[in-house]
Amino acid sequence: MDGVRVREPDTGKIAIHHDRKVTLVDPRDIVFAESVQRSCRICCRGGVQYVTPVTLTELENRLAGGRFMRVHRSFIINLEFVSEIAMLYAKNYCVKMKGYEKTPLPVGRTQIRRLKEIFRI
């Protein structure tokens, strides 16, 4: 069959390599990801966390789509889990994520305008 390309099925899941194994994670379960020394800590619903040897930029490319936003050089968030946006001081903002309310995540100054537009604030 010349010229025919077989497309691999898209499961919609992301393969996360950690602890000498691969876990398939539905992106809808990812709450946020944090850059940690050239690796990523991926925090999921239910408090499940993975540390994987990919950069935040690589993960951001895999998660490309309307649900995720890079709010800071060290953080990508799933917009569906945002529970609160708060001003800290002098126009510095943070977001709190459902299930991780005790861990406020910083929002970069260049990203706050976009975040406000998304949530129509």
Side-chain angles (χ1 to χ4, degrees):
M1 296 170 53
D2 290 336
V4 176
R5 291 187 178 172
V6 177
R7 184 177 165 171
E8 293 295 321
D10 182 9
T11 65
K13 296 194 177 188
I14 293 187
I16 297 177
H17 299 260
H18 66 101
D19 299 328
R20 296 188 315 200
K21 60 185 172 184
V22 177
T23 300
L24 300 177
V25 175
D26 188 329
R28 293 175 295 195
D29 291 334
I30 296 174
V31 178
F32 70 92
E34 175 184 14
S35 177
V36 181
Q37 299 177 354
R38 295 188 183 202
S39 296
C40 277
R41 180 172 65 105
I42 300 171
C43 299
C44 298
R45 148 185 357 230
V48 177
Q49 298 183 19
Y50 305 98
V51 176
T52 183
V54 299
T55 65
L56 200 60
T57 300
E58 291 169 332
L59 181 63
E60 182 178 26
N61 291 335
R62 286 193 206 169
L63 295 173
R67 165 186 327 254
F68 291 92
M69 178 180 172
R70 188 150 186 175
V71 293
H72 185 272
R73 64 184 176 148
S74 299
F75 292 95
I76 296 171
I77 63 169
N78 183 335
L79 295 166
E80 301 200 14
F81 285 94
V82 173
S83 63
E84 184 178 307
I85 301 170
M87 184 188 292
L88 298 175
Y89 56 90
K91 297 187 180 180
N92 286 322
Y93 287 82
C94 70
V95 292
K96 291 187 180 178
M97 309 299 288
K98 292 178 189 166
Y100 292 88
E101 287 85 357
K102 292 182 180 179
T103 309
L105 308 179
V107 178
R109 287 178 300 223
T110 59
Q111 296 302 322
I112 192 61
R113 178 177 290 134
R114 183 168 169 236
L115 191 64
K116 285 180 173 182
E117 288 172 2
I118 289 169
F119 289 105
R120 296 184 179 122
I121 299 172

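- Side-chain contact between Leu115 and Leu79 is present, with at least one heavy-atom pair separated by less than 4.5 Å.
- Side-chain heavy atoms closer than 4.5 Å link hydrophobic residues (I, L, V, M, F, W, Y) into clusters, and following such links, even through other members, never connects Met69 to Ile76.
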Check the pair Ile77, Val71 against side-chain contact (heavy atoms from CB on, under 4.5 Å), reporting the backbone distance first and the verdict last.
CA-CA 7 Å; Ile77 63 169; Val71 293; 3.5 Å; yes

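- Closest non-hydrogen pair, Tyr100 versus Gly47, comes out as OH-CA, 3.3 Å.
- Hydrophobic clustering of Ile, Leu, Val, Met, Phe, Trp and Tyr side chains at less than 4.5 Å, counting indirect connections, unites Ile112 with Val82.
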Kindly indicate, with the supporting measurements, whether the criterion side-chain contact (heavy atoms from CB on, under 4.5 Å) is fulfilled by Val54 and Ser39.
CA-CA 5 Å; Val54 299; Ser39 296; over 6 Å; no

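- Judged as a side chain to side chain donor-acceptor pair (under 3.5 Å), and not counting sequence neighbours, Asn92 has no contacts.
- Panel note: side chain Thr52, backbone His17; a donor-acceptor pair is recorded below 3.5 Å.
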Test side-chain contact (heavy atoms from CB on, under 4.5 Å) applied to Ile16 and Ile42, step by step:
CA-CA 9 Å; Ile16 297 177; Ile42 300 171; 3.7 Å; yes

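- Partners of Arg67 under the salt bridge (charged side-chain N to carboxylate O under 4.0 Å, His left out) rule, at least two apart in sequence or in another chain, are Glu80.
- Two residues are said to be in side-chain contact when any heavy atoms from C-beta on lie closer than 4.5 Å; Cys94 and Leu105 fail this criterion.
- When all heavy atoms are compared, the tightest approach of Ile85 to Tyr93 is CG2-CD2, 4.0 Å.
- Applying the ring-ring contact (aromatic ring centres under 6.0 Å, His included) rule to Phe68 yields no partners; only residues at least two apart in sequence or on another chain are considered.
- A salt bridge is absent between Asp19 and Lys21: the closest approach of a Lys/Arg side-chain nitrogen to an acidic carboxylate oxygen does not fall below 4.0 angstrom.
- Among residues two or more places apart in sequence or in another chain, the side chain to side chain contact (heavy atoms under 4.5 Å, CB included) test is passed with Thr57 by Thr55, Asn61, Arg70.
- Between Ile14 and Leu24, every side-chain heavy-atom pair lies at or beyond the 4.5 Å cut-off.
- Ring pair Phe32/Phe75 is tilted by interplanar angle, where 30° to 60° counts as tilted.
- The other members of the hydrophobic cluster of Tyr89, by chain and number, are Leu88 (side-chain heavy atoms under 4.5 Å, ILVMFWY only).
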For the pair Thr103 and Met97, evaluate side-chain contact (heavy atoms from CB on, under 4.5 Å) and give the outcome as yes or no after the intermediate values.
CA-CA 8 Å; Thr103 309; Met97 309 299 288; over 6 Å; no

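- Within the structure, the salt bridge (charged side-chain N to carboxylate O under 4.0 Å, His left out) test picks out the following pairs touching residues 41-55 (sequence neighbours left out): Asp29-Arg45, Glu34-Arg41.
- Remark: Ser74 pairs with Ser35, His72 by the side chain to side chain contact (heavy atoms under 4.5 Å, CB included) rule, at least two apart or across chains.
- The ring pair (Phe, Tyr, Trp, His ring centres under 6.0 Å) analysis of residues 101-121, with sequence neighbours excluded, yields no pairs.
- Applying the salt bridge (charged side-chain N to carboxylate O under 4.0 Å, His left out) definition to pairs two or more places apart or across chains, those involving residues 94-121 are Glu84-Lys96.
- Remark: Arg73 engages no residue in a salt bridge (charged side-chain N to carboxylate O under 4.0 Å, His left out) (not counting sequence neighbours).
- Tracing side-chain contacts under 4.5 Å through hydrophobic residues (I, L, V, M, F, W, Y), one never reaches Val107 starting from Ile30; they form parts of separate clusters.
- Residues meeting the ring-ring contact (aromatic ring centres under 6.0 Å, His included) test with His18, sequence neighbours left out: Tyr50.
- Residues Ile118 and Met87 share a single hydrophobic cluster, defined by chaining ILVMFWY side chains whose heavy atoms lie under 4.5 Å apart.
- At least one side-chain heavy atom of Cys44 sits under 4.5 Å from a side-chain heavy atom of Val25.
- Under a cut-off of 6.0 angstrom, the local environment of CZ in Arg62 is crowded, with over 12 non-hydrogen atoms contributed by other residues, nucleotides or ligands.
- Applying the ring-ring contact (aromatic ring centres under 6.0 Å, His included) rule to Phe81 yields no partners; only residues at least two apart in sequence or on another chain are considered.
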